[in-house]
Amino acid sequence: MEKAYDPKQVEQRWYQAWADRGSFHASVTGPGSPYVIVIPPPNITGSLHMGHALNNTIQDILIRWRRMQGRNALWVPGTDHAGIATQNVVEKQLLAEGTTRDKLGRDRFIQRVWEWKARSGGAIIEQLKRLGSSCDWERLRFTMDEGLSKAVREVFVRLYEDGLIYRGERLINWCPRCLTALSDIEVEHEDATGKLYHIRYPLADDPPAHLTVATTRPETMLGDTGVAVHPEDPRYNRFIGKKVRLPLTRREIPIVGDPILVNREFGTGAVKITPAHDFNDFEAGDRHGLARIALFDQQARLDPGGLRDAQVDDALQARLASTPVREARALVVEALEKGGFLARIEDHAMALGKCYRCKTVVEPYLSPQWFVKIRPLAAPAIKAVESGQIRLIPEQWTNNYLGWMRDIKDWCISRQIWWGHQIPAWYCVNCGRDTGTLLETSKHSYTLTAEAKPLVARHAPSHCPDCGHHQLVRDPDVLDTWFSSALWPFSTLGWPDDTPELKTFYPTSTLVTGFDILFFWVARMIMMGLKFMGREPFRDVYIHALVRDAEGQKMSKSKGNVIDPLAVMDKYGTDALRFTLAAMASPGRDIKLSEERIEGYRNFANKLWNAGRFIVMNLEGPRATAPVAERPVADRWILSRLHRCIGEVTASLETYRFDEAANTLYHFIWHEYCDWYVELAKPALADKASPEAALTRTTLIETFETLLRLLHPFMPFITEEIWQAIPHAGESIMVARYPTMDGAFIDEVVERETEVTLNVIAEVRNMRSVHKAASFKHLSGMVWVEDEVIARHLEAKRPLISKLAGLTDLKIRKMKDKAAELPANAATGSVVLPGGHLLDIAIPLSADTMDIPREITQKEKRLKELTGQLEQDEKKLSNPEFVAKVPPDVLKKTQARHEERRIEHHRLSGELQRLRRMAAGGSA
RNA sequence: GGGCGGAUAGCUCAGCUGGUCAGAGCGCUGCCCUUACAAGGCAGAGGUCACAGGUUCGACCCCUGUUCCGCCUACCA
């Protein structure tokens with residue numbers, strides 16, 4: 001083995017070996033109860049970022065752990081077609097080639113996307129493999145696969161037949177750059193400082209008088225079709241039923257009373273109503289039967305037709321036609337000011353909606369779209385979480401989820417793009433012409449009005465059921481990408497066909513995801529799973545944090561603070577990255593990732609590696625086994641500690657506490673196994689052929705092999721590499737059994753005893769350090785003990801203590817002889833043993849070696865600390881209420897602790913007196 | 001506006017149902033190339049647990065309020 005661990009030459013080799021052996025594959029007939037995870041499918045346009053790394057590390061830990069436990073563990077991988085994002089990527093390519101998708105046409109464009117996908121869409125899958133993800137690659141799925149597309153059509157048709165999908169003209173969020181509708185949650189709200197414009201609207205029958213309205217979007221006033229005041233507002237309610245003259249237009253619009261829309265305290269207390277450009281106004285317009293005048297075109301420019309409909313003053317019409325909204329605002333404000341309509345402008349904090357894909361400001365836009373009527377689907381999805389059938393972990397998210405679900409709005413699922421699942425709805429050209437719902441804009445190009453009658457079917461209908469005509473056109477829209485991801489837990493297992501996979505693996509066990517897609521994805525999977533499978537899609541939803549940079553900033557390319565997981569894996573190794581992410585995955589808290597932290601865990605990997613080297617170097621020689629009780633104390637100690645560790649790690653994994661599990665492993669391996677056990681074992685191994693060495697060798701190897709298995713889900717590569725180099729049973733650690741805690745190995749007596757040994761060693765080291773005597777080789781030590789049992793124990797450990805504390809000689813004596821035996825010049829220390837017994841230590845030093853002032857300082861500090869603690873104890877113990885009310889075991893503990901402290905305090909005071917006398921120049 | 005979360009060592013964070021819980025890692029300081037490991041060993045310094053009240057025999061932990069910082073959500077135009 002090399003002196004330092006080199007991940008590069010290890011990782012790829014083992015991943016390949018696992019794959020070749022078929023270890024990732026789960027069969028429907030496999031043994032063990034199924035444990036199933038479906039991957040949150042990454043976008044095919046995506047490249048592995050830290051969020052993916054965290055997400056997949058956690059899934060892999062769970063899957064490897066369950067697989068090792070003997071479960072039939074399946075991790076279904078796949079990718080998502082990401083409609084808008086992917087289309088954007090390919091359109092950009094076309095632009096570079098000097099063409100556009102419109103020039104190419106729909107079919108050829110889609111062909112191009114598939115070509116792009118074939119070339120570049122698999123990158124992220126390869127990156128997941130580098131992470132060590134043990135997915136069942138034979139079951140790789142893509143949301144646009146034939147099977148999954150079939151599922152999408154089936155769901156669409158059935159929801160339509162159940163009246164849960166409808167088509168209609170609504171105000172929707174429109175991205176003027178992507179030229180498509182977005183669902184409510186695809187809009188990101190960003191705080192912005194805008195302005196509040198106060199505009200005077202003259203009363204139609206009393207022109208000098210006016211009503212002043214306040215708005216943040218003055219340019220939309222051209223489309224106003226009413227003004228609202230509160231019906232109980234004495235300032236204005238007498239105007240209800242009258243009209244105002246809409247400035248800059250030739251129109252008069254009514255004043256209505258509306259207690260819902262109007263907030264009397266805000267602005268002027270009067271609101272303009274623009275039903276075609278604002279969601280609230282849309283509803284208010286409905287309530288009062290107001291017209292809707294759409295002013296903007298798809299690119300959010302002022303539409304000449306709209307301006308005409310709005311009867312805008314001719315001169316202004318000419319100036320505004322086809323100007324983008326942003327510029328139009330200035331022009332409208334200018335015109336208002338000129339006309340004397342502008343009362344004032346004030347600063348105003350507001351939220352601006354932006355497209356989550358391209359950050360363009362979205363516009364409420366009136367257009368015919370498809371919607372899912374969501375409430376009937378949400379109700380069971382709410383119940384499933386309320387009843388605990390589905391658990392969200394950490395559970396804080398439950399409220400979030402329920403709150404959103406209870407207030408859920410219909411889901412706009414149509415997108416005006418080409419890449420995606422085209423809606424399975426057709427329209428009869430003949431009927432459409434007759435009813436005027438289908439307008440031929442050019443050859444083979446139609447516009448469908450909101451009233452067009454769709455024919456929804458699983459396959460293209462051959463003729464119109466109403467008129468029998470054969471010329472049918474398909475709805476050009478595609479479905480929201482999340483519509484297909486919502487089916488992921490069952491579409492990937494073969495639904496709508498009745499497959500063995502569905503029978504065995506559905507419902508899945510755990511979903512691992514970030515909270516940012518709780519609504520986008522998780523909620524919708526629950527609704528669809530319950531609707532179409534009649535069962536929840538998963539039992540547990542583990543929601544992990546966001547990965548941020550060391551300053552807590554969200555990582556983004558534009559900020560340049562991205563830590564690239566691939567670069568990290570190159571530099572520090574995959575295992576180090578995985579372990580870092582696991583160790584930092586504290587529930588409910590974002591991960592602030594820093595490179596130093598990863599480096600620390602790279603060092604941990606190296607530590608493990610070198611422990612492995614030590615074992616390999618000590619393989620030679622006989623091995624003997626014996627019942628635990630007959631093994632050397634150090635062995636019994638590490639076995640006891642190991643089994644506690646196994647219990648803790650397993651409990652942590654069961655509760656999704658990856659951070660706890662990782663930290664427990666780190667601490668145990670480094671600070672118990674390596675720092676202590678390996679050191680304790682060394683003397684025992686010194687004489688290779690001795691019976692003690694034979695026993696120790698066995699324990700050394702067995703415990704190490706066990707902890708490798710325990711660690712494997714977190715650090716799959718290095719554990720496999722080392723495991724293969726030491727004695728083991730089986731082909732691969734990946735399919736070896738996960739360790740289970742065996743209480744028979746837990747031995748509290750041995751743990752306590754060993755602790756005494758370790759404390760004595762630590763105390764001697766401390767004494768050496770105080771006197772800077774570390775480099776003096778030939779030091780002897782003396783120990784005085786009160787308790788006979790402890791004395792015998794220490795006597796047995798004498799060679800070991802001497803060795804680890806670096807003493808050439810160690811005398812163990814009775815406490816009563818201490819005064820007579822204490823050398824004149826000696827560093828001193830004591831250890832308080834359980835039960836209040838005391839153990840004193842001295843290391844004879846030469847007078848010039850001793851750093852008496854330093855020892856005094858150190859002991860004074862400890863004395864002060866003790867004094868404070870003693871006071872606290874005494875306060876408690878002298879309080880009758882405390883003694884009366886406290887549980888007996890706590891009282892006993894407090895008393896015992898107090899006694900120990902009292903003894904130590906007494907001893908320390910004596911020592912200090914002696915030291916002070918020495919410092920003053922006298923001899924002891 | 002509503003909701004959620006956070007504030008603990010220089011930094012990043014643990015601290016589970018109140019009773020050695022004041023901890024870990026990194027960083028820092030001192031001493032060490034001790035035959036697995038300098039990506040290391042040994043030892044050490046460092047905190048009024050945001051602030052103010054309250055409950056309790058006892059509070060980092062529970063309650064109330066305050067301040068600051070995140071995030072989600074919302075139609076105050």
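Each chain gets a letter, A, B and so on, in the order its sequence line appears, and its residues count up from 1. Here the structure is a predicted model, which is why all the values come from computation and not from measurement.
The distance between atom CZ of A/F604 and atom P of B/G41, rounded to the nearest whole Å, is 12 Å. Residue A/I722 contributes atom CD1, which lies 11 Å from atom C1' of B/A36 at whole-angstrom precision. When rounded to the nearest whole Å, the span between CH2 of A/W397 and P of B/G3 equals 16 Å. Distance A/N400 CG to B/G5 P: 10 Å, rounded to the nearest Å. Between A/M715 atom CE and B/A39 atom C1' the separation is 12 Å, expressed in whole Å.
Counting non-hydrogen atoms under 4.0 angstrom, A/I273 reaches nothing in the nucleic acid. No contact: A/G573 has no heavy atom under 4.0 Å from any strand.
Both A/R657 and A/E679 lie close to RNA chain B; mapped to their nearest nucleotides by heavy-atom distance, the more 5′-ward contact belongs to A/R657.
Under the side-chain contact (heavy atoms from CB on, under 4.5 Å) criterion, A/V890 pairs with A/V886, A/P887, A/T894, sequence neighbours left out. Contacts of A/H667 classified as ring pair (Phe, Tyr, Trp, His ring centres under 6.0 Å), with partners at least two apart in sequence or in another chain: A/H671. Legend: residues meeting side-chain contact (heavy atoms from CB on, under 4.5 Å) with A/Q872, ordered by chain and number and at least two apart, are absent. With sequence neighbours left out, A/D407 forms a side chain to side chain donor-acceptor pair (under 3.5 Å) with no residue at all. A search for ring pair (Phe, Tyr, Trp, His ring centres under 6.0 Å) contacts involving A/H544 returns nothing, not counting sequence neighbours.
A ring pair (Phe, Tyr, Trp, His ring centres under 6.0 Å) check over residues 578-599 of chain A, counting only residues at least two apart or in different chains, returns the pairs A/F579-A/Y601, A/F579-A/F604. Residue pairs meeting the salt bridge (charged side-chain N to carboxylate O under 4.0 Å, His left out) criterion with at least one partner in residues 600-614 of chain A, sequence neighbours excluded, are A/E599-A/R602.
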For this session: Sugar-phosphate atoms are those with a prime plus P, OP1 and OP2; base atoms are the rest. Using that split, label each nucleotide of nucleotides 43-50 of chain B B, S or - for protein heavy atoms under 4.0 Å, 5' to 3'.
Result: SSSS----
Exercise. Quick one: what's the B/S/- string for nucleotides 18-27 of chain B, heavy-atom cutoff under 4.0 Å, read 5' to 3'?
Worked result: -BB----SS-
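Here A/Y365 contributes atom OH and A/L171 contributes atom CG; the two are 11.0 Å apart, rounded to the nearest 0.5 Å.
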For nucleotides 61-64 of chain B, tabulate all protein N/O to nucleotide N/O atom pairs closer than 3.5 Å, reporting atom names and distance.
none

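For A/T696 (side chain) and A/A684 (main-chain N/O), no donor-acceptor pair under 3.5 Å exists by modelled atom type.
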For this session: Quick one: the dot-bracket string of RNA chain B, using Watson-Crick and G-U wobble pairs with both distances under 3.5 Å, [ ] for crossing pairs and | for bases paired to another strand.
Result: (((((((..((((.....[...)))).(((((.......))))).....(((((..]....))))))))))))....
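Taking side-chain N and O atoms only, A/K3 has a distance below 4.0 Å to OP1 or OP2 of B/A38.
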For residues 214-231 of chain A, tabulate all N or O donor-acceptor pairs below 3.5 Å that involve a side-chain atom, not counting sequence neighbours.
from   : atom 1 : to     : atom 2 : distance (Å)
A/T215 : OG1    : A/R217 : N      : 3.0
A/R217 : NE     : A/E219 : OE2    : 3.2
A/R217 : NH1    : A/E363 : OE1    : 3.1
A/R217 : NH2    : A/E219 : OE2    : 3.2
A/R217 : NH2    : A/E363 : OE1    : 3.3
A/R217 : NH2    : A/E363 : OE2    : 3.0
A/E219 : OE1    : A/R329 : NE     : 2.8
A/E219 : OE2    : A/R329 : NH2    : 3.1
A/T220 : OG1    : A/R217 : O      : 2.8
A/T220 : OG1    : A/K272 : NZ     : 2.7
A/D224 : OD1    : A/K272 : NZ     : 3.0
A/D224 : OD1    : A/T274 : OG1    : 2.7
A/D224 : OD2    : A/Y201 : OH     : 2.6
A/T225 : OG1    : A/A291 : O      : 2.8
A/H230 : ND1    : A/E232 : N      : 3.1

